[in-house]
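Remember, it's a predicted structure, so these values are computed and weren't measured experimentally. Order of the sequence lines fixes the chain letters, A, B, ..., with proteins taken first and strands second; residue numbering starts at 1 for each chain.
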Amino acid sequence: MSASTSSLLELRQVTKQFGETTVLHPTDLQVERGEVVCVIGPSGSGKSTLLRCVNFIAPPTTGTIVFDGEEYRPPKDHRWIPALGIPEEQRLTRLRTQVGMVFQQFNVFPHLTVRENVALGLRKTCGLGKKAADARAVEELGKVGMAEKAAAYPEQLSGGQKQRVAIARALALEPKLMLFDEATSALDPELVGGVLQIMRDLAAGGMTMMVVTHEMRFAMDVADRVIFMDRGGIVEQGTPEQFKSPQHERTRAFLKSINHG
Amino acid sequence: MTTTVFAALDFGPVWEMRSELLSGIGTMALVSVVSFAIAIVGGLVLAGMRQSRSLPISWAGFVLIQVLRGIALYVLLLWLFFGLAAQGGFQFEPIPAGIFALALLNSAYLAEIFRAGYEAVPPGQKEAALACGLPKRTWFGKIHLPQVTQITLPAMGNVFVDIIKDTSILSAIGVAELLRESQRWAQFYELPFEFYTAAAAIYIAIVTLVTFGWRRLERRFSRHLHTAPRVRRSRGLLFGIGGRPSTTTAS
């Protein structure tokens, strides 16, 4: 467990349990600044859980997460006096403003316009006024080619467009780390390319990224490091080059199954 | 046969007593609106208690809701109005007793509706809001509550309609609402068919009006689902009834 201070993110012995079920066994992981880490593996292998532990959307059961030099531990469960949890919650809120996340199901806010979807976070976390936030929102939407849809509601958009809005919403807060949780899995095939291109551009621009994906070509092209997970743990990790001849039998089986699927 | 029955009908006295019936409608409206408003507040409190992370509060909410859902309105009304007075000497006025009973029982129903609505919003909405760095109160006020409102409005409308009709039960403790007035004049003129027919017609008319009005409210809260101009133009003649279904989505 080397204490590298330059790592943007470090997971130390992080586990996650839902009741009796362990979905993430003790996991150590470091992500360097500017690094693009792609996480692959069969469904139910704990990839999404790993991502959700990083920003405490699903708080880890045990372990420590160090982000940008600050330590975060699993919040205590204040079942009897919930108010005691407020300072911890505020600290996690500050963590989350620095970590953007994009979801498989987009999770855009359906009752808000595209512009409001992006502007809300700017107003509430960066303290921008309504006008300034709206202007910034349109600017961010422009970067993903969605500026002209600013006044539309998500219901009027295609899946690919919704996902662009979700990406703009996350990027607007200028995060230090972006988490992509199967961002293209729910898209129609012809819409996948556009979203992947945005992610490629983002990686090329030096963004630190953790990407859970089934798009092996994307992983091989863009990743600095590929992680293969199975049954709640990291089985194998290495450069995309190393993944062309994987060491572990389970990795080989998985890669074979998706190549011939 | 039929002709003789209808020939005997005499709606003249109903028309003569219109101001009495109207005052009955006024009482009904007052009682319904006030009880509904209090029931909404009570329902929010109960639902909040049920949802609380603090176990004792959550249990208390559960017990309260179960008790209130188990009482019939008629029973609660008699208990409040006659029972309490006999035991402790506390005598409710009829109208406050009626409002209290209606509000209490319906707050339990509304609490369950709010809770179901609360849980019907996809969990991804909360995840996304938190992931965007929104504090919990912002998630609740700006993301969750508007969606819960949209989901619960139709069921809330049903509760309101039930309350309006249930005000008739208040006639049992002498509240001079529409049914009580109709009863009084039906007996006085010995024209039960005419007065009760009029009462039924008035209930139907009021419930219909409220239903249409409520539908407009529902549309306001779900405008993000039908904003395409084609759908706007296809509004029906009356309060959105008869319009084409709003299924248009641009891709």
Mark yes when over 12 heavy atoms from residues, nucleotides or ligands other than [X] sit less than 6.0 Å from its [atom1]; otherwise mark no.
X        : atom1 : answer
B:Phe92  : CZ    : yes
A:Glu89  : CD    : yes
A:Glu190 : CD    : yes

Could you report the tightest heavy-atom contact between A:Glu155 and B:His224, atom names first, then the distance? CB-O, 3.6 Å
Got a donor-acceptor contact below 3.5 angstrom from the A:His111 side chain to the B:Gln150 backbone? no
With rounding to the nearest 0.5 angstrom, report the [atom1] to [atom2] distance, [X] to [Y].
X        : Y        : atom1 : atom2 : result
B:Ile143 : A:Asn107 : CD1   : CG    : 11.0 Å
A:Gln156 : B:Leu225 : CD    : CG    : 10.0 Å
B:Gln147 : A:Phe109 : CD    : CZ    : 8.5 Å
A:Gln105 : B:Gln125 : CD    : CD    : 11.5 Å
A:Lys124 : B:Thr138 : NZ    : OG1   : 5.0 Å
A:Leu92  : B:Leu130 : CG    : CG    : 9.5 Å

Please examine the side chains of B:Cys132 and A:Arg169, heavy atoms only from C-beta on, and report whether any two atoms are closer than 4.5 Å. yes
Can you tell which part of [X] gets under 4.5 Å to a heavy atom of chain B, answering side chain, backbone, both or neither?
X        : answer
A:Leu120 : both
A:Val102 : neither
A:Phe103 : side chain
A:Arg52  : side chain

Among the options A:Ala170, A:Pro110, A:Ala58, A:Gly159, pick out the one with the most heavy-atom pairs lying under 4.5 Å from chain B. A:Pro110
Identify which of B:Ser52, B:Pro122, B:Pro135, B:Pro56 forms the greatest number of heavy-atom pairs closer than 4.5 Å to chain A. B:Pro56
Of B:Lys142, B:Arg53, B:Lys126, the largest count of non-hydrogen pairs under 4.5 angstrom with chain A goes to B:Arg53
Side chain, backbone, both or neither of B:Lys136 within contact of chain A (heavy atoms, under 4.5 Å): side chain
